[in-house]
2 protein chains.
Amino acid sequence: MDEGATAHERVYRRLRRKILHGELAPGQAVTLRGVAAELGVSMTPVREAVRRLAAEGALAISASGRVSAPVLTPQRVEELAAIRALLEPELAARALPRAHFSLIERLKRMDAEIDDMLENGDAAGYVRANIEFHRTLYLRAHAPAMLAVAETVWLQMGPSMRALYGRIGMGRVMDYHRKAIAALAAGDEAGLRLAIRADVRQGLTLLSSEGLDAA
Amino acid sequence: MDEGATAHERVYRRLRRKILHGELAPGQAVTLRGVAAELGVSMTPVREAVRRLAAEGALAISASGRVSAPVLTPQRVEELAAIRALLEPELAARALPRAHFSLIERLKRMDAEIDDMLENGDAAGYVRANIEFHRTLYLRAHAPAMLAVAETVWLQMGPSMRALYGRIGMGRVMDYHRKAIAALAAGDEAGLRLAIRADVRQGLTLLSSEGLDAA
DNA sequence: TTTCCTATTTTGTGATCACAAACGCATCCC
DNA sequence: GGGATGCGTTTGTGATCACAAAATAGGAAA
């Protein structure tokens, strides 16, 4: 599946996916030798991959060098929400003129998949499908730098989001994706911006209000 | 001066400063062994530092692994400008309630220093002082994640900005910092947002309109 | 003179090793 | 019983080495 040329690239992608999908619990420790043994490589490429992920905020490195999935403070969550609320409506707006029928249909299918995940209570699948929905839309914006920043933010939220939905369930999740898709089909930029902003804010206000008092 | 505990941290900071201040020309190559020899360390910590800087967009790594300062396309410049225009007014607005007299005085002194750089035609000093002005203001926002994103963007622009000012001079640079400081002192959030947005847009429209056709 | 091919050098990659600091745990003392 | 202390183990750091691929320089042929 992941047949990257270099070993550190493979390690990077593997770890990144685990973090993004929330397969690491917040605060969970990761050892260089452990990852190296698990993936059958030496420590060298693992260190590079970990260093890279730490630079993206996807992993935290303590003063003594220990690596772990980051634990988000409420302030941090608020900040990440603010960044998403600033960037993602812009990304959606830039994708709008390029959003043709096939893309809209694809987004509808992805949203249906998200609904399935919600009904089945599949928290990990929900997080993954939700990110995929946003990424698919934003890819059309042809704004790689902006998308990279957004992905960095998602990466930082990964462990906490997954832990949150696993703990409190997903009953209260409202579907703003339909509104976004409708605005997309209608060419309504203002409506699209509002829908995306609401969608982004929802997940993170949930996280900051209930997610962190149990820590 | 830079007495970081670990070697890769020292290498990282050293390279970062060089890039941020534009001491590397866009496209200029950097070799691992070269940096290692220059700083008196082995290749291992250099690779980690380079990998980290590449993750931040401060260095580009070719398909064959060669490392160089990034060359920005006009589209890239436009994107970076858009990110700055979204994030920095927000950072300034968040700093506003915490901006007391001493901070405003400090910013005035820093702006005067920037004017000196402009008069002396010191492009490198101008870039450095300008970044320092913005960072000083935004630090008061107590928004480390947002500031980190902004610094990432500055890092990506470093080489190109320096090259631009060195080439076309800085005669046409307008001082929006005064307006920002005035708005800050008056507690005028809307005015502050506008001033910062204008300041950010100026540097980058200049870069995208004249900077890249000579490449 | 230009172009193409080859040999040499440069350069990044990944594994291994030695080392020191931090951690975990059992023990001991108060 | 609780906290400090000691030691063995785990873990990250940095240097060195072997290797392969890429870049460069040099020479031969047209």
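Just so it is clear, the values below take in all heavy atoms, side chains as well, and ignore hydrogens, waters and symmetry mates. Quick note on labels: first sequence line is chain A, next is B, and so on, each numbered from 1. This is a predicted model, so every value here is computed, not measured.
- Listed by residue number, A:Val30, A:Thr31, A:Leu32, A:Arg33 are the residues of residues 23-42 of chain A with a heavy-atom contact under 4.0 Å to DNA chain D.
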Please tabulate the protein-to-nucleotide N/O contacts below 3.5 Å involving nucleotides 20-25 of chain D, giving atom names and distances.
none

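- Looking at B:Arg128 and B:Glu113, a side-chain N of the basic residue comes within less than 4.0 Å of a carboxylate O on the acidic one, giving a salt bridge.
- In summary, the side chains of A:Tyr176 and A:Gln202 do not present any donor paired with an acceptor at a separation below 3.5 Å, with no hydrogens or angles considered.
- Although no hydrogens or angles enter the test, the distance criterion places a donor-acceptor pair under 3.5 Å between the side chain of B:Glu79 and the main chain of A:Ala145.
- In terms of modelled atom types and a separation under 3.5 Å, the side chain of B:Asn120 and the main chain of B:Asp122 share no donor-acceptor contact.
- Look at A:Glu105 and A:Lys108 and you find a salt bridge, because one of the NZ, NE, NH1 or NH2 atoms lies within 4.0 Å of a carboxylate O, short of that distance.
- One finds a salt bridge joining A:Arg52 and A:Glu9 here, because a Lys/Arg side-chain nitrogen approaches an Asp/Glu carboxylate oxygen to under 4.0 Å.
- Taking the side-chain contact (heavy atoms from CB on, under 4.5 Å) definition, one finds that A:Pro97 meets it with nothing, sequence neighbours left out.
- Heavy-atom contacts of chain B under 4.0 Å fall on DNA chain C between two terminal nucleotides, which in 5' to 3' order are C:dT11 to C:dG14.
- Remark: B:Glu23 engages no residue in a salt bridge (charged side-chain N to carboxylate O under 4.0 Å, His left out) (not counting sequence neighbours).
- With respect to the salt-bridge test (charged N to carboxylate O, under 4.0 angstrom), the residues B:Arg94 and A:Glu78 qualify.
- Every pair tested for ring pair (Phe, Tyr, Trp, His ring centres under 6.0 Å) that includes a residue from residues 6-43 of chain A fails, sequence neighbours excluded, so the list is empty.
- Taking the nucleotide of DNA chain C with the nearest heavy atom to each of B:Gly65 and A:Thr44, the more 5' of the two is matched to B:Gly65.
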